[in-house]
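Working notes, structure below.
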Amino acid sequence: MINVQYMEQIGSFLACVEHSIIEHWDRDALTDYEGSTLQYKDVARKIEKIHILFEHAGIRQGDKIALCGRNSANWAVAFLATLTYGAVAVPILHEFKAEQVHNIVNHSEAKLLFAGDHVWTTLDEAAMPVLEGIINIPDYSLLVSRTDLLTNAREHLNELFGKKYPKNFRQEHISYHHDAPEEMAMINYTSGTTSFSKGVMIPYRAMWSNLDFALRALGVHMKVGDHVISMLPMAHMYGMAFEFIFEFVFGCHIFFLTRVPSPRVIFQAFADIKPSVVVSVPLVIEKIMRKVVLPKLQTPRMKMLLKIPVINQKVRDKVREQVFQAFGGNFYQIIVGGAAFNSEVEAFLHQIGFNFTVGYGATECAPIISYVDWHDFRTTSCGKPAPRMEVRINSRDPENEVGEILCRGANVMLGYYKNPEATKEALDDEGWYHTGDLGVMDADGYLYIKGRSKNMLLGASGQNIYPEEIEDKLNNMLLVNESVVIQKGEKLYGLVYPDFEEAHGLGLADEDLEQVMEQNRRELNELLPTYSQLSGIKIRMEE
């Protein structure tokens with residue numbers, strides 16, 4: 001296990017990865033849920049083979065390597081291999097449409113793409129002319145090769161590995177790239193379309209700082225070999241940092257939900273795996289509360305029992321135990337982040353003494369900005385500034401007057417890739433990152449988010465949804481004058497003010513417009529990932 005003193009001594013992210021592999025060599029590392037398991041030594045061997053492939057294919061340190069596929073052990077290995085080689089990782093959300101994946105691959109100038117089997121069937125290799133090759137994530141076979149170097153390297157990979165390590169590959173052979181604090185580790189794109197693309201350049205100091213934070217916040221409550229579940233997309237910093245990287249370096253056994261994380265799959269996985277810590281978005285918690293717990297408390301008998309003080313506490317204890325067991329019954333705490341928590345659910349969980357806390361972060365901070373342990377958590381807050389991070393409210397009276405949340409410190413990005421205008425807008429001359437979120441901070445340093453000046457919405461599984469991107473497409477459709485995308489529960493709707501003048505000129509009555517808008521909705525959804533599709537379009541009579 002890596003301790004805090006070791007972290008402070010080395011100050012290197014990749015040295016921590018290297019240390020973990022050597023230290024936990026014979027332990028289970030990565031499992032595809034209901035599939036096969038890799039031990040740390042298996043991960044090391046696969047990383048080494050990928051390094052040999054990169055070297056003989058002419059990949060250099062600093063080259064970009066894109067990854068697009070569902071969470072899996074092989075995705076994780078390819079990511080670790082990219083960083084430990086000294087290349088720059090470009091994780092891409094597997095739910096993006098083909099055009100969006102093409103955009104990111106091209107914009108990042110990636111030399112190679114690791115693609116999942118579901119993703120690959122949708123892609124057009126001709127639309128990514130800069131790529132030198134595409135590698136299949138499930139077995140690392142070549143799907144596309146545009147250089148003889150890559151083809152030969154892959155064909156002779158086992159032979160090359162055998163020549164390099166004729167007497168077996170062992171711990172003493174592990175030696176990875178030495179990272180520098182300001183060196184770029186990865187580019188994480190906040191959206192998939194060219195006009196809205198912002199490739200967040202994340203340096204190794206931010207990766208190290210987030211890892212050190214997790215070690216201090218969670219590591220003291222866990223032990224080597226503990227089980228964790230990776231269900232949030234690893235292509236997003238929240239899931240990557242706190243469901244994968246920290247646990248791998250700590251020596252945990254990580255289980256990847258390789259399928260769509262439906263409530264049934266999640267429930268079963270929690271029961272089977274019994275994770276030691278749970279990282280979640282609010283919707284997962286709210287679903288369990290609304291479907292399993294709250295209905296039982298709404299019965300006349302239960303309402304009566306809750307009014308009797310002595311029984312009241314017993315009922316709450318029982319409810320707390322039910323919720324605890326729903327998440328596997330073996331965790332220190334649940335960390336909620338990514339979006340605002342439903343106030344009713346949050347208040348109830350706090351009332352029953354449930355061990356949860358709410359944190360706050362952004363891709364631009366890789367991701368943590370603020371957090372406290374559940375014992376110190378205050379409802380409606382999202383904790384205090386994380387280690388090595390300053391947070392301030394841009395208002396005259398930060399305790400009472402809402403202002404933009406600004407932060408600076410070790411976790412903050414280098415800027416946006418090939419986008420100096422957006423970088424200048426987000427990072428001021430004093431190094432403060434302007435989050436676009438609004439909030440206040442109390443006298444004790446607790447941060448309270450009051451709204452977003454950015455309009456980002458959150459999908460059911462933690463995906464970022466940018467309504468402007470959807471509106472941009474919708475506004476170009478038949479008879480649409482203006483539109484606004486809103487979220488109700490888990491569903492998205494478009495509010496549209498039609499071009500009534502043109503509609504009447506075509507001889508269409510108002511009721512005909514509903515059919516036109518329904519057709520628009522279907523065409524629009526063909527262009528969008530599943531999580532950002534519209535459930536309906538509502539016509540507005542006023543602008």
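Here the structure is a predicted model, which is why all the values come from computation and not from measurement. In what follows, every heavy atom counts, from backbone to side chain, and hydrogens, waters and symmetry copies are set aside.
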Run the ring-centre check on Phe270 versus Phe327 and record whether the distance is less than 6.0 Å. yes
Within the side chain of Gln268, is there an N or O that forms a donor-acceptor pair under 3.5 Å with the backbone of Val265? no
List the atom of Pro91, the atom of Ile187, and the distance in Å for their closest heavy-atom pair. CD-O, 3.3 Å
Side chain to side chain contact (heavy atoms under 4.5 Å, CB included) test vs Pro385 passes for just one of Val391, Leu447, Ile369, Ile368, namely Val391
In sequence, state the C-alpha distance, the side-chain angles, and the governing distance for His434 and Asp428, and then conclude on side-chain hydrogen bond (donor to acceptor under 3.5 Å, both in side chains). CA-CA 8 Å; His434 293 243; Asp428 66 26; 3.0 Å; yes
Measure across Met184 and Val88 and return the closest heavy-atom pair with its distance rounded to 0.1 Å. O-CG2, 3.7 Å
Just by modelled atom types, is the Asn525 backbone N or O under 3.5 Å from a matching donor or acceptor in the Gln533 side chain? yes
Nearest heavy-atom contact between Ala89 and Leu83 is CB-CD1, 3.5 Å
Is Arg522 salt-bridged to Glu526, going by a charged N under 4.0 Å from an acidic O? no
Full working for side chain to side chain contact (heavy atoms under 4.5 Å, CB included) between Met240 and Met186: CA-CA 12 Å; Met240 177 181 286; Met186 56 189 287; 3.7 Å; yes
Any side-chain donor-acceptor pair under 3.5 Å between Tyr417 and Glu109? yes
Between the side chain of His51 and the main-chain N/O of Ala81, is any donor-acceptor distance below 3.5 Å? yes
When you compare the side chain of Phe54 with that of Gln61, does any pair of heavy atoms fall below 4.5 Å? no
Identify the heavy atoms of Ala422 and Lys198 that sit nearest to each other, and give their distance. CB-CE, 4.1 Å
Where does the angle between the aromatic ring planes of Tyr204 and His177 fall among parallel (under 30°), tilted (30 to 60°) and perpendicular (over 60°)? tilted
Which word best sums up how the rings of Phe250 and Phe246 line up, parallel for under 30°, tilted for 30 to 60°, or perpendicular for over 60°? tilted
Check: Tyr176 main-chain N/O paired with Glu18 side-chain donor or acceptor under 3.5 Å: yes
Flag, side chain of Arg388 to backbone of Asn411, donor-acceptor distance under 3.5 Å: no
Heavy-atom side-chain proximity of Ile245 to Phe79 below 4.5 angstrom: yes
Donor-acceptor contact present, side-chain Asp226 to main-chain Ser276, <3.5 Å: no
Judged by modelled atom types alone, do Glu364 and Tyr433 share a side-chain donor-acceptor pair under 3.5 Å? yes
pair Ile335-Leu218: side-chain heavy atoms closer than 4.5 Å: yes
For Tyr40, give me all partners under ring-ring contact (aromatic ring centres under 6.0 Å, His included), at least two apart in sequence or on another chain. His24, Phe248
Does His102 reach the main-chain N or O of Asp124 with its side chain, forming a donor-acceptor pair under 3.5 Å? yes
Identify the heavy atoms of Ser370 and Cys382 that sit nearest to each other, and give their distance. OG-O, 2.6 Å
Between Asp32 and Ala73 (side chain of the first, backbone of the second, donor and acceptor by atom type, cut-off under 3.5 Å), is there such a pair? yes
Centre of Tyr140's six-membered ring, under 6.0 Å away, within 45 degrees of the axis: is that where NZ or CZ of Lys49 sits? no
When the aromatic ring centroids of Phe213 and Tyr371 are compared, is their separation below 6.0 Å? yes
With a 4.5 Å limit on heavy-atom distance, are the side chains of Ile470 and Leu534 in contact? yes
Taking the side chain as C-beta and beyond, is there a heavy-atom pair between Glu183 and Pro203 under 4.5 Å? no
Heavy-atom donor-acceptor pair, Thr84 side chain to Leu80 backbone, under 3.5 Å: yes
Polar side chain donor-acceptor pair, Gln515 to Gln519, under 3.5 angstrom: no
Heavy-atom distance under 4.5 Å between the side chains of Leu257 and Ser230, does that happen here? no
Before giving the answer on side-chain hydrogen bond (donor to acceptor under 3.5 Å, both in side chains), spell out for Tyr85 and Asp63 the whole-Å C-alpha distance, their side-chain angles and the decisive distance to 0.1 Å. CA-CA 10 Å; Tyr85 185 78; Asp63 282 347; over 6 Å; no
Quiz question: by atom type and distance under 3.5 Å, do the side chains of Thr37 and Asp28 form a donor-acceptor pair? no
Pairs involving residues 240-257, ordered by first then second residue, that meet side-chain hydrogen bond (donor to acceptor under 3.5 Å, both in side chains) (sequence neighbours left out): Thr31-His253
Polar side chain donor-acceptor pair, Ser72 to Asn74, under 3.5 angstrom: no
Do Tyr416 and Val200 come within less than 4.5 Å of each other through their side chains, counting heavy atoms only? yes
Does Lys538 use its side chain to pair, donor to acceptor, with the backbone of Leu495 at less than 3.5 Å? no
Closest non-hydrogen atoms of Arg205 and Met413, given as atom of the first, atom of the second and distance, are NH2-O, 4.0 Å
Please tell me if the side chains of Tyr33 and Ile229 come closer than 4.5 Å, counting only heavy atoms from C-beta onward. no
